[in-house]
Structure formats: structure tokens, C-alpha cells
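Down below is the structure, laid out as C-alpha cells.
This structure is a prediction, so every number in the text was calculated from the model and none was measured.
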Amino acid sequence: TVEFFSGTVDLSAIGTEYIDFDSVQVDSAATLDLSNGGSGTTIPSGFTLTNAGTLSNADTLTIDGVFNNTGSFNNTGTINSSGAGTFANTGSLDNSGVITGDPYGVVGGGTITNSGTLHGTVAGVNFTSDGTINNSGVISGDQYGAVIGAGTIINTGTIIDAGIAGASLGSGGTLDNDTGGLVAGTVGAVFTGTGASLTNNGTITGTSGVAVQFDAGVNTFTIGTGSVLNGTVDGGSGAGIVKFAGTGSIANTFANFGAGSAIDITSGASWTATGRWTAASVVNAGTLQPGTLTTPLKVIGNFSQTSSGVLQVGLDAGGTGSQLQVSGTAALDGNVAVIPSGTFVTGAKKYTIITATGGVSGRFDGVTGGTLLLTPSLSYDAKDAFVTLTQQDASSGGGTGGGGTTPPGLKETPNEFAVAKAFDIGHKADSAKFVSALLGLDQFTKAADLKSALDRMSGENNADISTAALLAGRQFIN
């Protein structure tokens, strides 16, 4: 063994000057350079270079033996390993160059910062021990982009494969695909153990149609703000956990989740979801809008909402609205928030917001939303929950500026009251003909805005202008 304790040395002559040795060790105080003026450096077969100091390469390094980095290594050049050649890292690796290997570009753990390329015939990285990879470059492989048996990859770059999966997460492995990050492959990401964690705020794409593949283990997939999934999420018949955090909308299918599995909308999260979710349970502790005005969210399993949960429903004048369809049971708590769309002018409209084949238990605490002239209320039967929107009178009932509770908080002037009363009389006589007339009034959520609209329709402002003109003209008469 040749050991360097300190100083700066050129190691480009490994295998030529250091003959009949099987290893070179760079100690922590030493700083060495593997560059060789463009001629390249080779670590021969049967030879081991161990770096515990500071090492750099701006040239071509060929690894036919073993390169163990436990210190600090900066690569701006090209590194190739194949056959028995191995690049093992448990230290700090900063790569802005190109590292390729057969079967792996880099194995081990430690800290890796990659803005260049890591590529392997199996995978660009095989992370087998604790550590962190910060990737803003490309990690690719012929079978997997990255194999994460332990440690964490934080990705804002690209992780991609050409064979099996962009990322493989073994027991305890963690992948955070952040904003701007892409994980792509035949399957985007696949779980192969238990206790692994995948978080997505970027894009995960599965060209086979599966974005994320669970196995039988208890693994967790968190979907955050900005998440894009190109493909389904397959539960692998296991007890996988899907968590929604942040905000967004999603229309993907979640299929084949088994006993013990769950899809959770976490506290503080807000999501609009359509499609088909198959899981043992779906729990809403945040805000969930199940479906759009035309497409429901279907849950194959049981649904429950906690006391902090809000079921948000969009409803329109045509009688359609967002709806949750549950094949199992629905246990209700928390609140409902109504978002009206268009105008509701036929008196009381009743909308089914939840239907559960296995029955409905519990009750929502209350309902919010609607507008000044549209009041929501809740009702139930054995298998359904309903919202009814009732058209309120536009007039306050007094017309003196001080009375009336319909709508709440509205105190109309005599002119405002007269216009509002005309709307009410017309609506009761023939509601169909007042659809367009009430369309604007039904959108107001504040009494001041409704009063302003009634003022404009009353002509009161025009009367004020005429009075002012008359008074101004009297100056010339007098």
C-alpha cells in the first residue's frame, strides 16, 4: 500500500509508477489530482484507490479496479468503470461531469451532488447505505434510473430508465421528487420493500401506463402541490398508504390496493379529485372536492371524514354537481362547503353529494357557502347525503332602511326595496322567465354589493343627477 499523508500529489501514474502495489490510500490531510493532461488515468484491475482526503478529476478516469471515496471527490471530467471495476462512495461526491459504469455508475451512500450525468447498465446509482443525493442533472440506467435501497434522493433533475423503472425504492429508501423534477420509465417508480417513502411535487411518468407501483409492503406515497402523474397508481394488492398534501387537482386511477391500505387527504390539504380510487379506506381530514359538475369521484372501499375535514361541492343550476360515490360505508363528520355555479331559481333544489352502498353514518357539523340569495341546508337518508339550495327573497321585508332578515344583513332603502320586491313577485309568478334576471343577483355574497346593484336598477342615481342639474339652473333664474 502506498499512503499519502499530506501535501499535493499527481496520481495520474497509478499503474505505471506505482508498480507491484495493490492499493493507494489518500489520507484526510492530502489533496490530490487524478488529471493527466488529457491522457487519462486508469485504476488497474486488482488495484484499489481509497480517498479519505480531497481528490479531483478533470480528465478521463478508467476504473478497472476499485475506487473507494470516503473523503471529498470532485469530478468535472469523465469516469468509466466496467467488469470488476467499482466506484464506491461513502464520502462526499460532487459531479458535474459524466460517470458511467457496468453495472452501476456509483454504489454506496454518503453525500452526492450531481449536476452532470450518472449512468449504469443496471442503474446510474445503487444507494445501499445512508446518505443523500441532491440531483439536478441526469441519473439514468438501462434497467433502473436509480436503485434506492437506503438513504434519500432529492430530485429536481431527471431520473430515467430504459427497461424496468425510473426509480426503485427498497426498504427504508426515500425519494423526494421536487418541483421541476422528472422520474420516468417503463414504470415511473416502484416499491420493492417496506417502509419506503416517495414524495412527488414534480412529474412521474410511466410509459407502460403505471406511474407508481406498490408491492405488498407498507410504503408511503405523498402527493403534493404541483404533482403530475402520467399513469395509474397500482397498489400491488398491498397495504400501501397514499397521502395528499398541499393543493391541486387529480384525475388518476388508484387501483389494486389491499387490506390495510389507505388514501388520506391530510389536514390543511385541498384537492379536487375525479376518477376511481380502490383502497380499504379513504379518509378526508383536509378539503376534498369529490368530482366536478359532470364527473364523480368513485371510491371502491370505505370513506370517512374527520372533524377537521371539509367536503367541498360544486353545484349548478342544471341540477348537476360534484358527487362522491362510495361502494362501502361513509362515516360523516366535519363540514360541507358549497360552491354555487350559475343561478338557482326554482325554489328548492336537492343535490345528492354522497351516495354509499354500504350506508351513511354520522352527520356533518354544518354547511357553509352559497351566496346572499342562495341558502344551503343538509339532509340525509340511509345511503345518501344531500344539499338543498333555497332561493331567498331579494327584498328585506321592510324597505325603510332598517329591517328585514331575508337576506341576512340586508337593509334596503325604499327604492332598493321596490326593485327587489319586483324581482320577488316576478320570480314567484314565473321563475323560468326570471332566470337571466336573477343570474347576476344570485352571485353576490355581500349585502353592500347587492344593494349597489339594486340602486343602479332603481334609477335613483339618475334622479340625483336630474336634481343637481335643476338646482344648478336656478342660479341663472334668480
Side-chain angles (χ1 to χ4, degrees), residues 223 227 229 232-233 235 241-257 261-316 318-341 344 349-370 376-389:
I223 301 171
S227 177
L229 299 176
T232 64
V233 178
I241 306 296
V242 176
K243 295 183 177 182
F244 285 89
T247 61
S249 60
I250 192 165
N252 299 80
T253 296
F254 293 75
N256 302 323
F257 283 81
S261 63
I263 299 176
D264 297 334
I265 296 86
T266 60
S267 178
S270 181
W271 284 81
T272 297
T274 57
R276 185 182 179 95
W277 294 359
T278 301
S281 68
V282 173
V283 179
N284 178 34
T287 298
L288 172 66
Q289 178 170 322
T292 63
L293 293 177
T294 57
T295 306
L297 172 63
K298 297 181 179 180
V299 170
I300 312 303
N302 297 321
F303 171 80
S304 64
Q305 180 165 293
T306 70
S307 59
S308 66
V310 176
L311 191 74
Q312 181 173 286
V313 291
L315 308 175
D316 76 358
T320 61
S322 54
Q323 187 181 101
L324 178 63
Q325 298 177 356
V326 183
S327 71
T329 60
L332 309 182
D333 202 343
N335 288 279
V336 174
V338 171
I339 302 175
S341 174
F344 301 81
K349 274 187 175 294
K350 191 174 186 179
Y351 298 82
T352 302
I353 59 173
I354 294 179
T355 181
T357 303
V360 170
S361 64
R363 293 292 184 264
F364 294 115
D365 292 336
V367 57
T368 61
S377 59
L378 296 168
S379 59
Y380 309 87
D381 65 18
K383 296 184 178 182
D384 304 280
F386 308 95
V387 164
T388 300
L389 278 175

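- Looking at P340 and L315, their side chains never come closer than 4.5 Å, going by heavy atoms from C-beta outward.
- The side-chain heavy atoms of Q325 and T355, taken from C-beta on, include a pair separated by under 4.5 Å.
- Among all heavy-atom pairs drawn from L229 and N252, the shortest one is O-ND2, 2.8 Å.
- Atoms CH2 and OG1, from W271 and T247 in turn, are 7.0 Å apart once rounded to the nearest 0.5 Å.
- For the pair S327 (side chain) and G301 (backbone), a donor-acceptor distance under 3.5 Å is present.
- A distance of 12.0 Å separates CG of N256 from CD1 of I300, quoted to the nearest 0.5 Å.
- The two atoms that bring T292 and Q289 nearest to each other are CA-NE2, 4.4 Å, heavy atoms only.
- When all heavy atoms are compared, the tightest approach of V387 to P376 is CG1-CB, 4.2 Å.
- Between the side chain of S281 and the backbone N or O of N302 there is no donor-acceptor pair closer than 3.5 Å.
- Ring geometry for W277 versus F254: interplanar angle over 60°, hence perpendicular rather than tilted (30 to 60°).
- With hydrogens and angles ignored, the 3.5 Å screen pairs no side-chain donor or acceptor of D316 with any backbone N or O of L293.
- Between F303 and L288 the shortest side-chain heavy-atom distance falls below 4.5 Å.
- Residues T388 and K350 form a side-chain contact, since some pair of their non-hydrogen atoms from C-beta on lies under 4.5 Å apart.
- Under a 3.5 Å cut-off, the side chain of Q312 and the backbone N or O of I339 do not form any donor-acceptor pair.
- Each of V310, D333, L311, N335 was checked for a side-chain contact (heavy atoms from CB on, under 4.5 Å) with F364, and the lone residue meeting it is L311.
- Under the 3.5 Å distance criterion, the side-chain polar atoms of N284 are left unmatched by any main-chain donor or acceptor of Q305.
- Side-chain contact between F257 and T278: absent, with no pair of heavy atoms (C-beta onward) separated by less than 4.5 Å.
- Across all non-hydrogen atoms, the minimal contact from A356 to A330 is CB-CB, 3.8 Å.
- A donor-acceptor contact shorter than 3.5 Å links the side chain of S322 to the backbone of G314.
- With hydrogens and angles ignored, the 3.5 Å screen pairs no side-chain donor or acceptor of T320 with any backbone N or O of T294.
- Counting only distance, with no hydrogens or angles, the side chain of T266 and the backbone of A269 share no donor-acceptor pair below 3.5 Å.
- Checked by atom type and distance alone, the side chain of Y351 never pairs as donor or acceptor with a backbone atom of L389 at under 3.5 Å.
- Atom CG of L332 is separated from atom OG1 of T306 by 11.5 Å, given to the nearest 0.5 angstrom.
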